[in-house]
Amino acid sequence: MNERYEPQSIEGKWQARWDEAGIFRAGKRPGAPKKYVLEMLPYPSGKMHMGHVRNYLIGDVYARYFLMRGYDVLHPMGWDAFGLPAENAAIKDGVHPALRTAENIVSFKQEMKSLGYSYDWEREVNTSKPEYYRWNQWFFIKMLERGLVYRRFSKVNWCTGCHTVIANEQVKDGVCERCSSPVVDREMPEWAFRITRYSQDLLDALDTLKEWPDRITSMQRNWIGRSDGAEADFRVQGHEAALRVFTTRIDTIYGCTYVVLAPDHKLVAQVTTPERRADVDAFVKRMAAQSKTERTGEDTEKEGIFTGAHAVNPFTGQQVPIWIANFVLSDYGTGAVMSVPAHDERDFAFARKYALPVKVVIQPATGDKLPAGDALEAAYTEYGVLVDSGEYTGMPSEAARTAMAAKLEKDGQGRATVTYRQKDWGFSRQRYWGTPIPIVYCEKCDPERHGIPVPLEQLPVKLPDIDVQEVLTGKGEPPLAKVASWVNTTCPKCGGPARREAETMDTFVDSCWYFARYLSPHYDAAPFDPKEAQRFLPVDIYVGGPEHAVMHLLYFRFWTRVMKLLDLSPVDEPVKRLITQGIVNGPDGRKMSKRWGNVVAPASIIQEYGADTARAYVMFAGPPERDFDWSDDQVEGVFRFLKRVWVLASTHHASVAGATHDGPFEGKALEIRRAAHKCLKRVGEAIERLSFNTAIAGIMEGLNALSATGTPETPAEKAAMAEAVRLLAVVLTPFAPHIADEIAEAYGSKELTVAQPWPDFDPALVVDDVIPYAVQVNGKLRAEIRVAADAGEADVRAAAEADERVQSALAGKTLRKFVFVPKRLVNFVVG
RNA sequence: GCCGGUGUAGCCCAAUGGGUAGAGGUGCCAGGUCGAGAACCUGGAGGAUGCGGGUUCGACUCCCGCCACCGGCACCA
């Protein structure tokens, strides 16, 4: 072996050998248990960043380990190739998105290969290819048939920067999550997935996802936003119409002193009295001019206006005024609320502002009573006992909620009900670089423009090739509408002239089911082969960024349900175990960014230290889920570690590599074997619980112990050292596979390390003959004694009592209790 | 405000069913090697485990109440 560790001269060689051997191809061990290891597929930008490196490494280490453990490992990779960046770049410089995407994939993939990832590249998927997106269209039509897709005319989130509609999930604080441009409301038709049909199921099943991080399930719970309450009808005085409110506190209805409608509620125009009409119209108009964020933003003042109309409380028969106000949302609940200022903070503030009455109907179950409404200083929003509430007076809130909802239902004036914050997923996008929605509009067959689905056998509806300069202008109507030769077609029903839907699908559709496409990437009878789904689903471990908690990770749970509904897949949930990796910050603790000049490029680390150091460092820096700051010193430390591994292997190479020994191992030879097997045990166990940083610490510990044993002299020592070096190569394989293969080969291995079984450690070698015991007196450490490992309680106690430090601590005291913890400590409790 | 996470040596991080606070790395100090340097080797120091209570023979670990930081949700009726 070369004396010097030169990663650059060995890494490329091994990457090529892995490729040639096809060692990472899945499906070659049909009898073995399977592991599906998956990382979120990337949008192919030109260059990888450290976040990518870490993301893929977590999966890679796991995949390599289980490959060595004998599993049939499926570890694929692909490209989330549709999307805005390529299209926006095209608007700027005229390069066709398809061309740019293809180039980016080449360089991105090259970078991935230079890190030695264990992908089965034969299953590579590219979502922008017709072979892939035709199945998006297929799903669309199947879902349309089942009412899971529909067209609606509604208020949508329009991103002023991306010039397209975006989903609720993509709006953050009123701006576009992607480009930070303001998001405004627009009334327009759009296509939507009826994800809310599954809201309850998506919520309930979170409890079965025991191996998902709490933060992610909790975010999904928040996002779905289930709220239990009741609907109640308030008759409008002088009208036929009833006004339906939603409340979670029906127990406070006797304290309702007014009701409030959203400004765009259907009844506003109808109920407003002639004398209030002008004012109300002006208010409504002003509200309509504002965006939802402006109108309901955090520091927007609550304001409202009286309509002149009155509603009748279904419980009391009392008339209360009907107001409209900016803070009531038409798309949540029923778009109307009953206001109980005594028991709701917002209603309280509003009532004070407009001098509306406050009536106390709940008293705390214990403690001081609330004063009368006029004297109340703040709303009391806790549960309590009902007062001034007719026949419900004296009931606790919880019981009253049930009783009152039942009464409403009996009288046909309402019922207990549940609302969700989650909305249906609007997925129409006014962009070019996405999946065409397979719909045509025919004036003759479909005058109301519901849309006629393209017959399945005509799929895919391919994206037309375009003149980039002409079509991708970044303004106006959807780009595809400008492509006359494409948009003008014939009606599948009557054969007459028709127009294609010019909008494309949200790219989150692509990532909803790609994990299933990997199972049979060239299958052409369905999106994927259901037989393969039986074999490989669900994904055993899925690694990606937590930023996808309520978008991708919710959408693809939804889609998994659809795939089951369509008899394609047997699973209820796509992923058993989810890992959301932490952020790799710059050395200064700030997010890596050109702006701060603190970006560490993977390529430059590979160039300087090699891929193995880059890999081992990123895994060593901390637990996968935690953020960490890049540290050049720590990188150096890991590099130093690999150099020491190399030095150990190369200095002993000539004398020990071929050594064998049949006899017993004693003394130093035994010590060497013990160090190696303890290391093997520790590393394996750490990997199983995804504690990669401690796994590497375990290898370092093993190396330190082996280095400390000095030069092997006897045949036994030499053979022990040869075994130890081979085991070192084994445990290094998941983290630093190149150096591992190089060393293994030098030590006589005929096979690639990753193709070798991960050996079981020898249990006899991982236990010590003599064990240190801590001796405590009243919980305080008084002595440490060394006792044979098989010593029982009496032996250990005798040994402890024989120690003079213990004797002096016990002198003159009465023993009250003796605690014995095997292999750990003893404690004399004295009084 | 509500939900979740994190808090251990100067720094990054371990401690697997309560059982001697330390595995590993980095930085610092000392010694060795070397051409006083760099690299390398050996050794060492360094701590009320965020704060306050409780349970226990014994608490980083379990319970209660706080604090700080990070993330999510939030006029959602």
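Just so we're on the same page: letters track the sequence lines, and every chain starts at 1. Being a predicted model, the structure only gives us computed values, none of them experimental.
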Residues [X] and [Y] bridged, charged N to O under 4.0 Å:
X	Y	answer
A/Glu625	A/Arg215	no
A/Arg689	A/Glu685	no
A/Lys678	A/Asp768	yes

Write down the distance separating the C1' atoms in B/G44 and B/C3, rounded off to the nearest Å.
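Their C1' atoms lie roughly 47 Å apart.
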If you measure from the P atom in B/C66 to the same atom in B/G1, how many Å do you get, rounded?
11 Å
Using a 4.0 Å cut-off on heavy atoms, which residues in residues 580-587 of chain A reach RNA chain B? List them by number, or say none.
none
Indicate, with yes or no, if the rings of A/Phe641 and A/Trp646 have centres closer together than 6.0 Å.
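Centroid separation for A/Phe641 and A/Trp646: 6.0 Å or greater.
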Can you check whether A/Tyr354 and A/Trp323 have ring centres sitting under 6.0 Å from each other?
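Yes - the distance between ring centres of A/Tyr354 and A/Trp323 falls below the 6.0 Å cut-off.
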Any N or O donor-acceptor pair under 3.5 Å from the base of B/C75 to the side chain of A/Lys302?
yes
Tell me whether the guanidinium CZ or amine NZ of A/Arg421 lies under 6.0 angstrom from the six-membered ring centre of A/Trp223 and within 45° of its axis.
yes
Lys/Arg cation over aromatic A/Phe818: A/Arg797, 6.0 Å, 45° cone
yes
Specify whether A/Phe350 and A/Phe327 have parallel, tilted or perpendicular ring planes, treating 30° as the upper limit for parallel and 60° as the lower limit for perpendicular.
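Perpendicular: the ring planes of A/Phe350 and A/Phe327 meet at over 60°.
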Which part of the nucleic acid, if any, lies within reach of A/Val260 when heavy atoms closer than 4.0 Å are counted: base, sugar-phosphate only, or nothing?
nothing
Under 4.0 Å between any heavy atoms, over every strand shown, what does A/Asp347 touch: base, sugar-phosphate, or nothing? Just pick one.
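Contact class for A/Asp347: none.
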Checking base pairs now: Watson-Crick or wobble, both atom distances under 3.5 Å. What partners B/G22?
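In the structure as shown, B/G22 has B/C13 as its Watson-Crick or wobble partner.
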Check every atom of B/G7, B/A77, B/C73 against the side chain of A/Thr247 and return the nucleotide holding the closest atom.
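Of the options given, the side chain of A/Thr247 lies nearest B/A77.
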Distance test, side-chain N/O of A/Ser218 to OP1/OP2 of B/G5, below 4.0 Å
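No, outside the criterion.
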Phosphate OP1/OP2 of B/U6: any A/Arg215 side-chain N/O under 4.0 Å
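Looking at the OP1 and OP2 atoms of B/U6, neither is under 4.0 Å from any side-chain N or O of A/Arg215.
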Taking every non-hydrogen atom, the tightest pair across A/Val259 and A/Cys256
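Minimum heavy-atom contact is CG1-SG, 4.1 Å.
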Protein within reach of the bases, or only the backbone? For nucleotides 16-31 of chain B, mark each nucleotide 5' to 3' as B, S or -, using heavy atoms under 4.0 Å.
B--BB--BBBSS----
Residue whose closest nucleotide on RNA chain B lies nearer the 5' end, A/Arg421 versus A/Phe246
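Looking at the nearest nucleotide for each, A/Arg421 comes out on the 5' side.
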Expressed in angstrom and rounded to an integer, what is the separation of A/Asn222 atom CG from B/G72 atom C1'?
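That distance rounds to 6 Å.
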